[in-house]
Amino acid sequence: MEYNHREIEKRWQQFWRDNNTFRVEADREKPKFYVLDMFPYPSGAGLHVGHPLGYIASDIYSRYKRQKGFNVLHPMGYDAYGLPAEQYAIQTGQHPEITTRQNIARYREQLDKIGFSFDWSREIRTCDPEYYKWTQWAFMQMFNSWYDLDASKARPISELVAHFAAEGSEGINPACSKPMKFTAEEWNSLSEKEQRRRLMNYRIAYQGETMVNWCPKLGTVLANDEVSEGLSVRGGYPVEQKMMNQWCLRVSAYAPRLLDDLEKLEWSDSLKETQRNWIGRSEGAEMLFPVVGKDFDLEIFTTRADTVFGVTFMVLAPESKYVPRLVSPEQREAVEAYLDEVKHKTERERQIEKKVSGVFTGAYARNPLTGKEIPIYVSDYVLAGYGTGAIMAVPAHDSRDYAFARHFDLPVIPLIEGADVSEESFDAKEGTMCNSCGPELDLNGLSVKDAIARTKQFITEKGIGHVKTNYRLRDAIFSRQRYWGEPFPVYYKDGEAYLMDESELPLQLPQVDSYLPTESGEPPLGRAKGWQTREGYPIELCTMPGFAGSSAYYLRYMDPRNSEALVGREADEYWRNVDLYVGGAEHATGHLIYSRFWNKFLFDLGLVCEPEPFKKLVNQGMIQGRSNFVYRIKDTNTFVSHGLRKEYDTTPIRVDVNIVNNDGLDTDAFRAWRPDYADAEFILEDGKYICGYAVEKMSKSMFNVVNPDDIVDRYGADTLRLYEMFLGPVEQSKPWDTNGIDGVNRFIRKLWNHFVRAVDAEQKEPTREELKAIHKLVKKVSGDIESFSFNTSIAAFMIALNEFSALKSTNREVMDLFTRVIAPFAPHIAEEFWQMLGHEGSVADAAWPVWNEDYLKEDSVKYPVSFNGKARYTIEVPAGASKEDVEKAALADAGAEKWLAGKTPRKIIVVPGKIVNIVV
RNA sequence: GCAGAAAUGGUGGAAUGGUAGACACGAGGGACUUAAAAUCCCUUGCCCUUAAAGGGGCGUGUGGGUUCGAGUCCCACUUUCUGUACCA
């Protein structure tokens, strides 16, 4: 019987569908296990061979857990809102929903071919109104909540309103955009409009005038994680800073908890570290510097309170609210010119130039410790969004301040003994203080650490400052001036935002005639006829960003068709949270922060029972492309093989990897590839044309895309699954190289032949060798799956098969165990074997075997004998021999005499089961 | 700059502190075949030595250290990848 992967795989995939093999329901009798993949954005290009890597790993784990007796939830869906579909719509006029639906169909087809154990009955799509109803609903909960900093949790906004009405802003500590103080009388005397306006300052989903990343080319704002090096992550267009009134989420309020709870998670250290840096906790102090001749103080934030004696000037961010208040009449013109200049620079220009720029305001502040007057500058190296938007400059110990001081010729006062500041600043936080003695405070002789503590204590006592912890994590900007996203369930009355009623959800995305902004610059939703108003009041025209739909999707899978709640209490209490999450590390500062925030918010409101969404997380590595090159001799149509190219003047040209095999070019296919190459000539080496190669991103333009469908068609899904795992550790990035796939395919075919031959053979009792080989395999594979090292399991399968072939093993008991352990890896062929062995139903329901240590015991143990750590010869002793016996045997061996060379051993180390080392 | 990860044959990669290079690819040789494909067998880190069996030396980016013993642990450095950055 020939191995026909096409027939076998098709038949079993149909079997799984027909029997709902992987449909799962909450079952209190069984322990649950939730395995989740990051759901894909269905792009027009389809899946390439890198995409399924994580899905295969998680599928193996799911199938394994299921065989271990767990009730496994393993769902899949689509992150369907996104920019590419919208941009395609702008170009073609085709509704993004149509494109998206087509792309999803294509993805599904590709996924199905690989034989995943997804429960497709739970599929979700973020652009489906039944789904985004709950995205909109969550937004409404955030709008109706505030964050209590004392209790460290979100609470209903009604509680805050009640407090304001009874006691004003005293005695309560809400997270806010800017601090406000008022009495109960003042609050109660405000109009409804005024009260609502003030409440915006406290809501978790709030509207605020904030500095945003504006991308003119995309015509929308972007979140911080959607911008990299001043360019948009999607498209790579320049991004500029702009003040705009936008919806925001008060993620910053959750910064301490997002940071602390990282401890509890089984995530990689590097990913946790990335999140820690992004959250960016820094402990320091806020301090007041009185402005000379004015009745207000400048408030600054510093982590180096010890350096106040070295402050020789101050700097404000260009956007700082202090600027207009203290600029002198003589300097007004210069300051305004500078502000104008800064405004027109994009973020990228600001970063690339890195030129020192700034302007004097004409005002002076007084150093509170020395009493000296110091000038106040404005410069764009100070950021408005961090700390207070103002700094005390210590040029001797901060490189940025140093550069500024040198440029404007300002004094530099070193404060640490032995620090040479003639060429550069001394930024290290170590050493002994000097030059730091004022009328009230003397820091000289203290270490930097002690000086910081002493200064903090002093300023607190004097009432000129206080200890403060700052976080770099900003609130998430939640508005997008785009069409293809969730509409906000918000309308405006008298300019103030009001929520629609929950019964009006989902607020459906309307049809528009074009996906571009309107003439008047409104977002595309402004074009929807008859949609923009609700009872005469205008509706919000922005849509939500991509991360809105992906922030709580894992909850929806638990209870995907519930029309009463995002997730029902019973379902939530059973499935709780994701036990294993598999996906790319590129989501570290985006999705993985937003999801954790979103989950914590729902947790605070008592809507979900776990404070963290993803218990264990594995980051699969990126699969890069492996491009092939041919070398054209200049001004000819002759191509020279890689090894001989140095002898000519050549231009490397990328060639489609699908017409290259083991770096050997199929020259006929090459001639047929492009009309230009139809009459190409080749200079061969050893009768072959060898291509060069390079590792690059896998993309169409590099001609290095390998399609999983082609692999499945040619070798079968089982071979693809095994090969993707065999490539190396799941976490590691590596280039895709189809070259090695023959080895894995050979294994599958040999395995098939072995089974077909063996299954009809006469039955005998399993031999000791057979039992040993199979139990060794079971033990090895069990351990490997638990530790996610699938590549070594594949090797173990190959070794085991070789052993069984050598033993001419035909025992069904042994084959039965083999089938069970290979089932998660190569499910189709395993199902076929399962059937051959006479079982009913699916091998996915077969129990995972337990190995028996008794079979793994050896009669005798081999010990390498080393002299001074260098292995010299091997002895064999009976199993269970004592250390003394092993020692004796080692010295009795003929080799001992030679290597001792007459000397007596100084020491003999026997490590049971491992090694004997004789020290001479 | 900062943070994290990594560095092992021609290649992908194995090695709870205990005989480095499992397994696979590629390459070389052989068998079968009219031939090719497929399949099977042998060799394959480097160097020296031997007629052969065999024997010996060197080897996990560099330099130190701990240890009877280090790819593995510690310190310093080099390089590569990833993330992040005027965050005061």
Side-chain angles (χ1 to χ4, degrees), chain A residues 224-225 228-229 268-278 280-282 284 300-304 307 315 317 350-351 353-354 356 379-383 385-394 397-401 403-404 427 470-474 585-586 588-589 619 621-622 624 626 662-664 693 695 722-723 726-729 731-744 746-747 749-750 753 783 789 791-799 802 862-874 905-920:
Chain A
N224 281 344
D225 69 282
S228 180
E229 295 181 353
S268 72
D269 288 339
S270 70
L271 194 82
K272 285 190 192 178
E273 198 57 29
T274 305
Q275 286 213 344
R276 273 187 210 112
N277 291 340
W278 189 259
R281 181 188 156 95
S282 77
I300 58 94
F301 174 77
T302 181
T303 54
R304 293 295 302 272
T307 59
V315 188
R350 255 163 94 152
Q351 284 182 12
E353 283 183 10
K354 282 207 172 166
V356 177
S379 173
D380 65 359
Y381 83 88
V382 175
L383 304 177
Y386 185 77
T388 60
I391 62 151
M392 61 177 214
V394 186
H397 301 290
D398 182 290
S399 52
R400 295 154 301 175
D401 296 344
F404 195 84
D427 289 16
N470 258 335
Y471 293 89
R472 218 185 65 176
L473 185 70
R474 310 290 170 77
E586 67 273 19
T589 55
N619 291 121
M622 278 250 290
Q624 295 138 298
R626 188 177 184 280
N662 281 348
D663 289 336
Y693 74 90
V695 173
L722 251 44
Y723 185 58
F726 188 61
L727 227 41
E731 294 90 339
Q732 199 169 301
S733 287
K734 57 231 160 196
W736 175 266
D737 185 353
T738 311
N739 287 344
I741 202 167
D742 289 329
V744 171
R746 228 167 267 160
F747 160 75
R749 292 203 314 264
K750 278 192 225 169
N753 291 334
S789 43
N791 54 334
T792 50
S793 286
I794 315 286
F797 286 125
M798 292 176 176
I799 294 167
N802 279 339
K862 280 185 184 159
Y863 279 91
V865 180
S866 320
F867 284 76
N868 297 333
K870 194 109 199 132
R872 293 304 180 183
Y873 55 91
T874 311
R906 276 196 286 155
K907 195 170 167 188
I908 302 178
I909 292 129
V910 178
V911 184
K914 297 282 186 191
I915 200 166
V916 180
N917 191 22
I918 299 171
V919 188
V920 191

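Side chains are part of it too, since the values below use all heavy atoms of this structure and drop only hydrogens, waters and symmetry mates. Chain naming here is simple, since letters A, B, ... match the order of the sequence lines and numbering starts at 1 in each.
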Would you mind telling me which of [options] lies closest to the side-chain atoms of [X]?
X: A:Pro864; options: B:C68, B:A88, B:U19; answer: B:U19
X: A:Arg749; options: B:A14, B:G26, B:A38; answer: B:A38
X: A:Tyr386; options: B:C68, B:U19, B:C87; answer: B:C87
X: A:Ser270; options: B:A14, B:A24, B:G4; answer: B:G4
X: A:Ser282; options: B:C68, B:A88, B:U39; answer: B:A88
X: A:Leu383; options: B:U84, B:G13, B:C86; answer: B:C86
X: A:Arg746; options: B:C25, B:C87, B:G13; answer: B:C25
X: A:Thr792; options: B:A14, B:A24, B:C68; answer: B:A14

If I pick the [atom1] atom on [M] and the same atom on [N], what distance separates them, to the nearest angstrom?
N: B:U67; M: B:U78; atom1: P; answer: 28 Å
N: B:U33; M: B:G28; atom1: P; answer: 23 Å
N: B:G13; M: B:C2; atom1: C1'; answer: 32 Å
N: B:U43; M: B:A35; atom1: C1'; answer: 26 Å
N: B:G55; M: B:G21; atom1: P; answer: 16 Å
N: B:U66; M: B:C75; atom1: P; answer: 15 Å
N: B:U19; M: B:C68; atom1: C1'; answer: 16 Å
N: B:U49; M: B:C42; atom1: C1'; answer: 23 Å

On RNA chain B, nearest-nucleotide positions of A:Phe301 versus A:Gly743: which is more 5'? A:Gly743

Please compare A:Trp278 and A:Asn791 by the position of their nearest nucleotide in RNA chain B and report the one closer to 5'. A:Asn791

Distance, nearest 0.5 Å, that separates [atom1] of [X] from [atom2] of [Y]:
X: A:Arg746; Y: A:Met798; atom1: CZ; atom2: CE; value: 10.0 Å
X: A:Leu722; Y: A:Asn791; atom1: CG; atom2: CG; value: 11.5 Å
X: A:Ile908; Y: A:Ser866; atom1: CD1; atom2: OG; value: 12.0 Å

Under 4.5 Å between any side-chain heavy atoms of [X] and [Y], yes or no?
X: A:Arg400; Y: A:Asp398; value: yes
X: A:Asn619; Y: A:Glu731; value: no
X: A:Ile391; Y: A:Thr302; value: no
X: A:Trp736; Y: A:Tyr723; value: yes

[N] [atom2] sits how many Å from [X] [atom1], rounded?
X: A:Phe726; N: B:C23; atom1: CZ; atom2: C1'; value: 5 Å
X: A:Lys272; N: B:A3; atom1: NZ; atom2: P; value: 19 Å
X: A:Gln624; N: B:A6; atom1: CD; atom2: C1'; value: 13 Å
X: A:Glu586; N: B:U84; atom1: CD; atom2: P; value: 11 Å
X: A:Met798; N: B:G13; atom1: CE; atom2: C1'; value: 12 Å
X: A:Met392; N: B:A88; atom1: CE; atom2: P; value: 12 Å
X: A:Phe404; N: B:A88; atom1: CZ; atom2: C1'; value: 14 Å
X: A:Ile908; N: B:G18; atom1: CD1; atom2: P; value: 21 Å

Does a nitrogen or oxygen in the side chain of [X] sit under 4.0 Å from OP1 or OP2 of [N]?
X: A:Lys750; N: B:C40; value: yes
X: A:Gln732; N: B:G13; value: yes
X: A:Arg276; N: B:G4; value: no
X: A:Lys907; N: B:C68; value: yes
X: A:Tyr381; N: B:A88; value: no

Quick one: look up who [N] pairs with, Watson-Crick or G-U, both distances under 3.5 Å, and put none if it's unpaired.
N: B:G18; value: B:C68
N: B:A88; value: none
N: B:U62; value: B:A76
N: B:U11; value: B:A24
N: B:A53; value: none
N: B:C40; value: B:G30

Side chain of A:Asn277, backbone of A:Gly280: donor and acceptor closer than 3.5 Å? no

Over 60° means perpendicular and under 30° means parallel, so classify the ring planes of A:Tyr381 and A:Phe404, tilted if in between. tilted

Categorize [X] for me: base, sugar-phosphate, or nothing, with a 4.0 angstrom heavy-atom threshold over every strand shown.
X: A:Asp401; answer: nothing
X: A:Arg906; answer: nothing
X: A:Ile391; answer: base
X: A:Ile799; answer: sugar-phosphate
X: A:Pro735; answer: nothing
X: A:Asp737; answer: nothing
X: A:Ser866; answer: nothing
X: A:Ala871; answer: sugar-phosphate

For A:Tyr386 and A:Ser282, does a side-chain donor sit closer than 3.5 Å to a side-chain acceptor? yes

Would you kindly say whether A:Arg281 and A:Tyr471 are connected by a side-chain donor-acceptor distance under 3.5 Å? yes

Taking all non-hydrogen atoms of both residues, which atom of A:Val911 and which atom of A:Tyr863 are closest, and how far apart? O-CE2, 3.5 Å

Going by modelled atom types, is there a donor-acceptor pair between the base of B:C87 and the side chain of A:Arg474 at under 3.5 Å? yes

Anti or syn, where syn is a glycosidic angle within 90° of 0; which label fits B:G10? anti

Dump the pairs, protein N or O against N or O of nucleotides 57-59 of chain B, anything under 3.5 Å, distances to one decimal.
from, atom 1, to, atom 2, distance (Å)
B:G57, OP2, A:Arg872, NH1, 3.4

